[in-house]
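Report on one structure; see the data block that follows.
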Amino acid sequence: IFSTGQSDTIGVRSSMEDACSIIGEFTGANTQYYGVFDGHGGNEVSTYCANNLHRKINRILKEKEITVEKAITEAIEEINQEALSKFPDAGTTAGIVIIINNIVYCANVGDTRILLIEKADNSQSPGQRGRRGWKPTPPKVTRCSYDHKASDPQEKEKVLERGGHVIQGRVNGCLMLSRAIGDAAVGPGLSCEPYITRMKRKDGMKVVIACDGVFDVLDDETVGSVADRIQNPQEAARTIKDMALERGTTDNVTCVVINLTPK
């Protein structure tokens, strides 16, 4: 129903720890699911989440009369408990976008980022465009996720409340993230509670989900302007990935671009 592009690369790393899933009609008609998972300590948890998180959300939505937000939170808690026992040395971030009947839900754990891009109205009065120095208004780019870093003062406080420590910007001296799925070996202090936003879908909107391999070297506005300028989502995702490589990212790169105007 929505045209989507996805592009990823191992980059300069020796292994690929990112995973991605795009599932149409995952919980019935007019429902879409998109997820990007940036693993660390191996790809076991990121792959496990890519294969199973949407199934858990679907099951919970069908079994219980609860909000989509609560279903997402419960599913992440459930998959976190499984990851802790199955893969104690590995973990992952999560950035997911769910569209159900024209409501767009964005949820993230860790620092996988979700951007909403809305095209600016550049319909000028006649002759305005031809004037010297005229430039089109850039798109409006809104971050719909929150970077859960141990160096963030609010997140650091929560780590301490949960019984962990922050040493040189890392939880228990190990992990730069304050929230993640898995990571039993890191010890106390981590949370898997997602940051969730919701909005009504409108024609003309686009969404980008990308791991920190993109945002380590590109700012939100640059990524948003590429997604806005390039109409083909596959080409836009590939261009963002290539730009991250050109700018010298040292991480795996995964990018998903969704055009929220129905095909």
Side-chain angles (χ1 to χ4, degrees), residues 18-21 32-40 45-46 49-50 53-54 56-57 60-61 66-81 83-84 91-100 103-118 140-162 164 166 169-171 175-183 186 188-201 205-216 219-220 223-224 254-256 258 260:
D18 289 358
C20 177
S21 49
Q32 312 289 322
Y33 173 97
Y34 311 86
V36 170
F37 306 93
D38 181 358
H40 44 264
V45 179
S46 55
C49 285
L53 184 56
H54 61 283
K56 292 184 182 296
I57 297 170
I60 291 168
L61 283 171
I66 59 175
T67 63
V68 175
E69 291 94 334
K70 282 187 177 170
I72 291 168
T73 303
E74 279 195 24
I76 288 174
E77 177 59 46
E78 194 178 294
I79 210 163
N80 181 60
Q81 290 304 318
L84 289 170
T92 190
T93 69
I96 66 170
V97 172
I98 291 173
I99 306 165
I100 298 178
I103 302 296
V104 182
Y105 301 88
C106 303
N108 85 291
V109 179
D111 60 0
T112 291
R113 212 173 276 180
I114 304 167
L115 304 181
L116 170 69
I117 298 99
E118 298 172 270
K140 182 184 176 189
V141 180
T142 308
R143 197 182 295 184
C144 301
S145 56
Y146 191 91
D147 287 355
H148 297 128
K149 303 265 198 183
S151 56
D152 179 293
Q154 287 176 299
E155 287 295 300
K156 180 179 179 180
E157 204 170 296
K158 289 174 181 172
V159 170
L160 300 177
E161 284 170 10
R162 293 190 289 260
V166 176
R170 294 173 180 266
V171 176
L175 190 66
M176 292 175 74
L177 303 172
S178 54
R179 303 190 201 186
I181 297 169
D183 290 304
V186 173
L190 282 180
S191 166
C192 68
E193 183 185 349
Y195 175 86
I196 302 177
T197 58
R198 60 176 281 176
M199 63 209 166
K200 190 153 177 51
R201 185 203 66 79
M205 287 178 165
K206 292 180 180 178
V207 169
V208 174
I209 317 170
C211 63
D212 67 333
V214 168
F215 293 106
D216 283 346
D219 61 25
D220 293 8
V223 171
T254 298
C255 179
V256 172
I258 311 156
L260 292 182

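Owing to the predicted nature of the structure, the values given are computational and were not obtained by experimental measurement.
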- request: Kindly write out the residues that satisfy side chain to side chain contact (heavy atoms under 4.5 Å, CB included) with Val104, not counting sequence neighbours, or none if the list is empty.
  value: Val97, Ile99, Cys106, Met199, Arg201, Leu260
- prompt: Any idea which heavy atoms bring Met205 and Lys200 closest together, and the distance?
  reply: CE-O, 3.5 Å
message: Tell me the closest heavy-atom pair linking Val208 and Cys255, and the distance in Å.
response: CG1-SG, 4.0 Å
message: Restricting to side-chain hydrogen bond (donor to acceptor under 3.5 Å, both in side chains), what partner residues turn up for Glu77, sequence neighbours left out?
response: Gln81
- line: Ala75 meets the side chain to side chain contact (heavy atoms under 4.5 Å, CB included) criterion, sequence neighbours left out, with Leu53, Lys56, Ile57, Ile60
- prompt: Which heavy atom of Ile96 sits nearest a heavy atom of Gly35, and at what distance?
  reply: CG2-CA, 4.0 Å
message: A side-chain contact here means heavy atoms from C-beta on lying under 4.5 Å apart; do Cys20 and Val256 qualify?
response: yes
For a quick test of your reading: what N or O donor-acceptor pairs under 3.5 Å do the side chains of residues 108-118 make, sequence neighbours left out?
| unit_1 | atom_1 | unit_2 | atom_2 | d |
| --- | --- | --- | --- | --- |
| Asn108 | OD1 | Tyr146 | N | 3.0 |
| Asn108 | ND2 | Gly110 | O | 3.0 |
| Asn108 | ND2 | Tyr146 | O | 2.8 |
| Asp111 | OD2 | Lys149 | NZ | 3.1 |
| Thr112 | OG1 | Thr93 | OG1 | 2.6 |
| Arg113 | NE | Asp147 | OD1 | 3.4 |
| Arg113 | NE | Asp147 | OD2 | 3.3 |
| Arg113 | NH1 | Asp220 | OD1 | 2.8 |
| Arg113 | NH2 | Asp147 | OD2 | 2.5 |

query: If you round to the nearest 0.5 Å, how far is CG of Leu190 from CZ of Arg179?
result: 11.0 Å
query: At their closest point, which heavy atom of Gly164 faces which heavy atom of Leu160, and how far apart are they?
result: O-CD2, 3.5 Å
query: How far apart are the C-alpha atoms of Asp18 and Thr92, what are their side-chain angles, what is the distance that settles it, and do they pass the side-chain contact (heavy atoms from CB on, under 4.5 Å) test?
result: CA-CA 9 Å; Asp18 289 358; Thr92 190; over 6 Å; no
- prompt: Is there side-chain contact between Asp38 and Thr254, with at least one heavy-atom pair below 4.5 Å?
  reply: no
task: Please identify each residue that fulfils side chain to side chain contact (heavy atoms under 4.5 Å, CB included) with Ala83, with sequence neighbours left out.
output: Val45, Ile181
task: Return the minimal non-hydrogen interatomic distance between Ala150 and Gly169, and the atom names on each side.
output: CB-O, 3.4 Å
message: Would you compute the distance between atom CD of Glu155 and atom NE2 of His148 and round it to the nearest 0.5 angstrom?
response: 5.0 Å
pair Phe37-Cys211: side-chain heavy atoms closer than 4.5 Å: no
query: Is there a side-chain contact between Ile66 and Glu74, using heavy atoms and a 4.5 Å cut-off?
result: yes
message: I want to check something: taking the side chain as every heavy atom from C-beta on, are Ser178 and Asp152 in contact at a cut-off of under 4.5 Å?
response: no
- prompt: Do Pro188 and Arg162 come within less than 4.5 Å of each other through their side chains, counting heavy atoms only?
  reply: no
Heavy-atom closest pair, residues Ile196 and Ala107: CG1-CB, 3.8 Å
query: Got a sec, which residues hit side-chain hydrogen bond (donor to acceptor under 3.5 Å, both in side chains) with Asn80, two or more places apart in sequence or on another chain?
result: none
message: Does any part of the side chain of Val68, heavy atoms only, come nearer than 4.5 Å to the side chain of Leu61, both counted from C-beta?
response: yes
- line: Residues passing the salt bridge (charged side-chain N to carboxylate O under 4.0 Å, His left out) test with Glu69, sequence neighbours excluded, are Arg198
- request: Answer whether the closest heavy-atom distance between the side chains of Phe215 and Val223 falls below 4.5 Å.
  value: yes
task: Report the residues that fulfil ring-ring contact (aromatic ring centres under 6.0 Å, His included) with His54, sequence neighbours left out, ordered by chain and then residue number.
output: Tyr33
